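I have placed the structure first, in the form of structure tokens, so that the comments after it can refer back to it.
Not measured: the values here are computed from a predicted model. Sequence positions, counted from 1, serve as the residue numbers for this chain.
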Amino acid sequence: MVNDFNSSQDKYQVVPKYQGSYDTAIQKIFQTHGTSTSPAVFQSSNISTAQVLKSGYTTPVQKFVNRDHFDLNKISPVARAFYAQGGEQQAMPFNTSQPVLYYNATLLEKYGITPPSTSPSYSEITKISEELYEKSHHQVKGMTVQIYGWLLEEAIANNGGMFTNQNDGHTGNPTKVSINSPEAIAFFKWIRKNIKNGDFMDYGSGTMASTNQTSGFLTNKVGMYIQSSASMSQLNKKNKNKLGVTYFPHADGKAANGVSIGGAALWISNDKPQEIQQGAYEFIKYTVKPEVQAQWQKSTGYMALNKNSKDTKILKQFYAKHSEGKIPSQQLQNTIPNYGNSGILLEGMQGIRKLEENAMEKIYRGGDIEKVLQQNEDAINEIIYNQNRANGYK
């Protein structure tokens, strides 16, 4: 993408520098700000958004958008909402994913099981999971949900709740989280029902859990799992079965509120001369062109964020071969942005997710749902209290 941009014009030259994982890179960005080695444009993950916003180290993309009269409405509003503040676009969403439910369509067809609907309820997925487990004579577990904090956050959002006060941090600095909530409790009761039924596979947490659940899915050991839409390219390459994809499930008796995005955005550093910042913006604008985003989705599994990408030859041909590839984008397009599904703006999310996962693990292993959630909610709120004191927030 960088090479193509450099070849497309002769005014700017982008030099890409790999800086390690998201967490490693963001620390390097903060440490080098104001020096000659700081980046003019950088990629930062969604969970670092609050940290970047409060750093004061960036120039809002909106400044260049206004001058350029660029039509931001071309870009997914849900994706934009995560990286906007005070009505201004702070960064441009770039590699964007959503959690989706993958299912083994070949296995469901083999056992005569009706596949899940477009936006399934918890009970619908449980019914399919039970059927698959029983009809396969217990050879195939029906479903799994990895112990991963992001998935708990998304369950809360999709059930219409919020993770923190201050509207998930969009209208002020958060002072507490609420994971012992009706939305989280409904999610865990659903998980526990399937564990009790015997149709649930527990792969645990961490990188190996993610690897093992994908392997289990590809080798017919488990029929359904929830993961990032960015996993789709890997599944399409290695899957001998027909891949099914549908929206993230929601609690019974209520409509889905929609899930927020994962992935990362592109930011412009404010420690560079105006002409260099302008070049950073020109590169960012290039990355969200319809054809560029279309190729990005085809190559990586991340979603094309430009609404006009679907009309490109690249995606038309891709969808003709992989119709399931449309589903994440449809889920994104059908979501009406609100504070609950626009991401969580809270510093220290890396450590907070570890406590979320601690709660998930204890509940999966039989712990009292509300008691475990309250204990971990209290522990998270202590972190937030100390964090806010250290940063001078009230």
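Minimum interatomic distance between Thr312 and Ala294 (heavy atoms only, all atoms of both residues): OG1-CB, 3.3 Å. Between Ser229 and Met303, the shortest heavy-atom contact is OG-CG, 4.2 Å. When all heavy atoms are compared, the tightest approach of Val61 to Ile268 is CG2-CD1, 4.4 Å. Contact between Gly169 and Thr164 at its shortest, heavy atoms only, is N-OG1, 3.4 Å.
Counting heavy atoms from C-beta on, the side chains of Arg80 and Asn73 come closer than 4.5 Å. Looking at Ile363 and Leu373, their side chains come closer than 4.5 Å, going by heavy atoms from C-beta outward. Using a 4.5 Å heavy-atom cutoff, the side chains of Gln297 and Tyr302 are not in contact. In this structure, the side chains of Thr58 and Asn270 stay at 4.5 Å or more apart for every pair of heavy atoms. With a 4.5 Å cut-off on side-chain heavy atoms, Ile125 and Pro116 count as touching. A heavy-atom distance below 4.5 Å is found between the side chains of Val145 and Phe187. Residues Ile380 and Ile179 have side chains in contact (heavy-atom distance under 4.5 Å, counting atoms from C-beta outward). Looking at heavy atoms from C-beta onward, Val245 lies in side-chain contact with Leu243 at the 4.5 angstrom threshold.
Side chain of Asn167 to backbone of His170: no donor-acceptor contact under 3.5 angstrom is found. Distance alone, capped at 3.5 Å, is enough to place a donor-acceptor pair between the Asn104 side chain and the Thr106 backbone. Distance alone, capped at 3.5 Å, places no donor-acceptor pair between the Glu88 side chain and the Gln90 backbone. Side chain of Ser205 to main chain of Ile147: no donor-acceptor pair is present (N/O by atom type, distance under 3.5 Å, no hydrogens or angles). Between the Gln293 side chain and the Asn306 main chain, no donor and acceptor come within less than 3.5 Å of each other. The closest donor-acceptor contact from the side chain of Thr335 to the backbone of Gly258 lies at 3.5 Å or more, if one exists at all.
A donor-acceptor contact closer than 3.5 angstrom links the side chains of Asn220 and Asn241. Counted by atom type alone, Asn66 and Gln62 present one or more donor-acceptor pairs between their side chains at under 3.5 Å. In summary, the side chains of Gln19 and Lys28 do present a donor paired with an acceptor at a separation below 3.5 Å, with no hydrogens or angles considered. At a cut-off of 3.5 Å, with distance as the only test, no side-chain donor of Asn341 or Ser260 sits close to an acceptor on the other residue. Defined by atom type and a distance below 3.5 Å, a donor-acceptor pair is missing between the side-chain atoms of Asn376 and Lys362. In summary, the side chains of Gln227 and Ser231 do not present any donor paired with an acceptor at a separation below 3.5 Å, with no hydrogens or angles considered. Counted by atom type alone, Asp23 and Gln350 present one or more donor-acceptor pairs between their side chains at under 3.5 Å. Side-chain atoms of Tyr247 and Asn158 form no donor-acceptor pair, as typed in the model, at a separation below 3.5 Å. Checking Gln98 against Ser228 by side-chain atom types alone, no donor-acceptor pair falls below 3.5 Å. For the 3.5 Å distance criterion, the side chains of Asn180 and Gln374 qualify, holding a donor opposite an acceptor. Checked by atom type, the side-chain pair Thr59/Gln277 shows a donor-acceptor distance below 3.5 Å.
In this structure, the salt bridge (charged side-chain N to carboxylate O under 4.0 Å, His left out) partners of Arg353, at least two apart in sequence or on a different chain, are Glu153. Taking the salt bridge (charged side-chain N to carboxylate O under 4.0 Å, His left out) definition, one finds that Asp271 meets it with nothing, sequence neighbours left out. Residues meeting the salt bridge (charged side-chain N to carboxylate O under 4.0 Å, His left out) test with Glu370, sequence neighbours left out: none. Remark: Phe163 engages no residue in a ring-ring contact (aromatic ring centres under 6.0 Å, His included) (not counting sequence neighbours). Not counting sequence neighbours, the partners of Thr126 by the side-chain contact (heavy atoms from CB on, under 4.5 Å) test are Glu130, Trp190, Lys193, Asn194, Asn197. By the ring-ring contact (aromatic ring centres under 6.0 Å, His included) test, Tyr12 pairs with no residue at all, sequence neighbours left out. Phe30 meets the ring-ring contact (aromatic ring centres under 6.0 Å, His included) test with Tyr57; sequence neighbours excluded. Contacts of Glu282 classified as salt bridge (charged side-chain N to carboxylate O under 4.0 Å, His left out), with partners at least two apart in sequence or in another chain: Lys285.
Under a 4.5 Å side-chain heavy-atom criterion applied to ILVMFWY residues, the cluster that includes Met162 comprises Tyr339 as well.
Annotation: the span from Ser136 atom OG to Ile113 atom CD1 amounts to 8.0 Å, rounded to 0.5 Å. Residue Asp252 holds its CG atom at 9.0 Å from OH of Tyr122, rounded to the nearest 0.5 Å. Taken to the nearest 0.5 Å, the OH atom of Tyr225 stands 4.0 Å off from the CG atom of Leu235. Note: Asn6 CG to Ser8 OG = 7.5 Å, rounded to the nearest 0.5 Å. Asn388 CG to Glu347 CD: the interatomic distance, rounded to the nearest 0.5 Å, is 8.0 Å.
Open room surrounds NZ on Lys127; 12 or fewer heavy atoms of other groups in view lie less than 6.0 Å from it. Crowding of Lys110 atom NZ: a count of heavy atoms from other residues, nucleotides or ligands under 6.0 Å not exceeding 12. More than 12 heavy-atom neighbours from other residues, nucleotides or ligands sit within 6.0 angstrom of CG on Asn391.
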Discussion item. Pair Tyr203, Thr211 - check side chain to side chain contact (heavy atoms under 4.5 Å, CB included), show working.
Written reply: CA-CA 9 Å; Tyr203 284 107; Thr211 300; over 6 Å; no

Discussion item. Does Ser76 form a side chain to side chain contact (heavy atoms under 4.5 Å, CB included) with Gln333? I'd like the steps, not just the answer.
Written reply: CA-CA 7 Å; Ser76 162; Gln333 290 162 12; over 6 Å; no

Discussion item. Test side chain to side chain contact (heavy atoms under 4.5 Å, CB included) on Ser329 and Lys310; report intermediate values, then the result.
Written reply: CA-CA 10 Å; Ser329 296; Lys310 66 181 185 303; over 6 Å; no

Item to complete: Tell me, with the steps shown, if Asn159 and Asn257 meet side chain to side chain contact (heavy atoms under 4.5 Å, CB included).
Response: CA-CA 6 Å; Asn159 288 337; Asn257 182 54; over 6 Å; no

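Salt-bridge check for Arg365 with Asp202: passed, with a basic side-chain N closer than 4.0 Å to an acidic carboxylate O.
Applying the ring-ring contact (aromatic ring centres under 6.0 Å, His included) test to pairs two or more places apart or on separate chains, those with a residue in residues 135-162 are Tyr133-His138, Tyr148-Trp150. The stretch residues 42-51 participates, sequence neighbours left out, in these side-chain hydrogen bond (donor to acceptor under 3.5 Å, both in side chains) pairs: Gln43-Asn95. Screening residues 348-371 for ring-ring contact (aromatic ring centres under 6.0 Å, His included) gives Phe200-Tyr364 as the qualifying pairs, with residues at least two apart or on separate chains.
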